[in-house]
Amino acid sequence: MMYIVNVRKVMFGAFDLKRFETLDEAQEYIKGLYAAGHREVHLSQEIPMKVTVSVEF
C-alpha cells in the first residue's frame, strides 16, 4: 500500500507529489513540511486496482 503526499508550495502553483511505502515515512515528511511553514498538505492512500483490457480485431 502506497501513501501519497500532495503539497502546494506556492500560492498559484501546481502540487508537488511524493509517494511513500509506509505511513510513518509520510508522516515524518509532513512534519518537516509543517516545520518549514507549508500548510496546504494532503495525505492520501493509494487504492490498489487491477485493470484488464482485451482487444480483438
Side-chain angles (χ1 to χ4, degrees):
M1 192 78 47
M2 296 293 286
Y3 294 90
I4 302 167
V5 177
N6 292 314
V7 183
R8 184 176 294 195
K9 293 190 174 181
V10 293
M11 185 177 286
F12 295 107
F15 281 92
D16 184 24
L17 178 75
K18 299 278 185 184
R19 296 176 79 183
F20 298 93
E21 291 187 18
T22 66
L23 181 57
D24 290 334
E25 290 174 335
Q27 287 176 331
E28 287 300 315
Y29 180 68
I30 291 170
K31 286 177 187 177
L33 290 170
Y34 265 61
H38 300 290
R39 295 294 182 253
E40 194 162 343
V41 179
H42 304 275
L43 174 64
S44 58
Q45 189 173 17
E46 185 178 57
I47 300 170
M49 184 170 48
K50 184 176 181 180
V51 177
T52 304
V53 177
S54 176
V55 179
E56 285 188 36
F57 289 97

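Residues: numbered from 1 along the sequence shown. What you see is a predicted model; the values in this text were computed from it and never measured. Below, all heavy atoms of this structure are taken into account, side chains as well, without hydrogens, waters or symmetry copies.
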Task: Cluster check Val53, Met49: I/L/V/M/F/W/Y, side chain < 4.5 angstrom - done: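 Result: yes, single cluster for both.
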
Open item on the list: Check for me, please, whether Ile30 and Leu23 land in the same ILVMFWY cluster - side-chain distances under 4.5 Å, paths through other members count.
Closed with: yes

- [ ] To the nearest 0.5 Å, tell me how far Lys18 NZ sits from Asn6 CG.
- [x] 11.5 Å

Open item on the list: Starting from Ile47 and following side-chain heavy-atom contacts under 4.5 Å between hydrophobic residues (I, L, V, M, F, W, Y), which residues can be reached?
Closed with: none

Open item on the list: Please find the pair of heavy atoms, one from Tyr3 and one from Leu43, that lie closest to each other, and give the distance.
Closed with: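 The pair with the smallest heavy-atom distance is CB-CD1, 4.2 Å.
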
Task: Minimal non-hydrogen separation, Val41 against Tyr34, with atom names - done: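 Scanning both residues, the minimum pair turns out to be CG2-CE1, 4.0 Å.
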
State which residues pass ring pair (Phe, Tyr, Trp, His ring centres under 6.0 Å) with [X]; sequence neighbours excluded, sorted by chain then number.
| X | value |
| --- | --- |
| Tyr29 | Phe20 |
| His38 | none |
| Phe15 | His42 |

TODO: Report the residues that fulfil salt bridge (charged side-chain N to carboxylate O under 4.0 Å, His left out) with Glu28, sequence neighbours left out, ordered by chain and then residue number.
DONE: Lys31

Task: Residues forming a side-chain hydrogen bond (donor to acceptor under 3.5 Å, both in side chains) with Glu46, sequence neighbours excluded - done: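 Scan of Glu46 (side-chain hydrogen bond (donor to acceptor under 3.5 Å, both in side chains), adjacent residues dropped) gives Arg19.
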
